[in-house]
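Working notes, structure below.
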Amino acid sequence: VDSIWTMTYTTINENALLENTIAIYPNPVTNEFHVSFQSPIADTAMIMVFDVLGNKVESALITHKSLKDYIVNCNTWSNGVYYLKIISGN
């Protein structure tokens with residue numbers, strides 16, 4: 001995996017955004033990458049990863065409020081650029 005690209009679209013205010021920061025590392029990725037939440041997620045969050053053609057290559061539903069770090073295994077993916085989408089209730 002060469003790169004993980006992220007885009008942030010939100011309708012919440014800037015202070016709330018700072019409280020809900022998400023870190024994705026390492027970049028570039030070899031076998032796995034971490035999605036780390038600054039604060040606990042809402043009741044659920046959906047993580048989806050897409051290739052450059054828009055094909056979904058990974059998806060996971062996270063249901064633990066206290067979970068702050070999620071590991072995505074990508075050792076079987078082809079080298080390339082991937083897009084990460086996270087949908088959460090907060």
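Count residues from 1 along the sequence.
When the side chains of ILVMFWY residues are joined at heavy-atom separations under 4.5 Å, either directly or via intervening members, I87 and L61 end up in a single hydrophobic cluster.
Taking all atoms of both residues into account, the shortest heavy-atom contact from E32 to N73 is CB-CA, 4.2 Å. The shortest heavy-atom contact between C74 and T30 is SG-O, 4.2 Å.
In this structure, the separation between CZ on F33 and CD1 on I24 is 7.0 Å, given to the nearest 0.5 Å. Here the CG atom belonging to L84 is positioned 8.0 Å from the CD1 atom belonging to I22, to the nearest 0.5 angstrom. Summarising the geometry, atom OH belonging to Y82 is positioned 6.5 Å from atom CH2 belonging to W77; distances are rounded to the nearest 0.5 Å. Rounded to the nearest 0.5 angstrom, Y70 OH and I86 CD1 are separated by 11.0 Å.
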Show me the donor-acceptor pairs within less than 3.5 Å that the side chains of residues 48-59 make with the rest of the protein, sequence neighbours left out.
{"residue": "D51", "atom": "OD1", "partner": "L53", "partner atom": "N", "Å": "3.0"}
{"residue": "D51", "atom": "OD1", "partner": "G54", "partner atom": "N", "Å": "3.1"}
{"residue": "D51", "atom": "OD1", "partner": "N55", "partner atom": "N", "Å": "2.8"}
{"residue": "D51", "atom": "OD2", "partner": "N55", "partner atom": "ND2", "Å": "3.2"}

After noting the C-alpha distance and the side-chain angles of D69 and V35, does the key distance pass the side chain to side chain contact (heavy atoms under 4.5 Å, CB included) rule?
CA-CA 6 Å; D69 190 55; V35 179; over 6 Å; no

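Scored by the side chain to side chain contact (heavy atoms under 4.5 Å, CB included) test, N31 finds N75 as partners (sequence neighbours excluded).
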